[in-house]
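Data first, discussion second: the structure below is written as structure tokens.
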Amino acid sequence: MDDCLFCGIVARKVPATIVHETERTVAFRDINPVAPVHVLVVPRAHVTNAATVGPEHAEDLAEMVVAARQVAEAEGIGTEARGYRLVFNVGRDSANSVPHLHLHVIGGRQMSWPPG
Ligand code: DGP
């Protein structure tokens, strides 16, 4: 999608620190990290958000979750002793700001629940 920020990162037109890639996904560091590890996993194909996901996106979604685990392992937080949080934001109440599906991989510090 021409005017989509994360499509621009996938296409290497917008700079980002890419840390992991698979056939269907790209993972890069969040520009405004909320924790020592904060990586976004996105599908290469444009999908607006989790509320627009359908059965046709099943392979993208599965590969995103696998990629998130691989990122967590590479960052040293994919262990039972550590751990991480996976987040999809949808809509205004969640503070979703970029309309290209992205899975936040957040970790490297103790987190609380519920989120703020
Ligand atoms: P969300 O609130 O779920 O839509 O999160 C969007 C995230 O995207 C937010 O944590 C900041 C990040 N972000 C926004 N613009 C850029 C950018 O140009 N580059 C990178 N690497 N991250 C970005």
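No experiment lies behind these values; they were computed from the predicted model shown. Just follow the structure's listing: the first ligand is 1, and inside any ligand the first atom is 1. Residue numbers run from 1 in the order of the sequence given.
For Ala81, the side-chain contact (heavy atoms from CB on, under 4.5 Å) test picks out Thr79, with sequence neighbours left out. Residues satisfying the side-chain contact (heavy atoms from CB on, under 4.5 Å) test with Val37, not counting sequence neighbours, are Val39, Glu75, Ile77.
Counting only residues at least two apart or in different chains, ring pair (Phe, Tyr, Trp, His ring centres under 6.0 Å) contacts with residues 40-80 comprise His46-His100.
Under the 4.5 Å side-chain criterion, counting only non-hydrogen atoms from C-beta, Asn49 is not in contact with Phe88. Between Leu86 and His104, the closest side-chain pair of non-hydrogen atoms is not below 4.5 Å.
Taking 4.0 Å as the cut-off between side-chain N and carboxylate O, Glu21 and Arg12 count as a salt-bridged pair.
For a heavy-atom separation below 4.0 Å, the residues in contact with ligand 1 are Leu5, Phe6, Ile9, Phe28, Arg29, Asp30, Ile31, Leu40, Asn89, Ala95, Asn96, Ser97, Val98, His102, His104.
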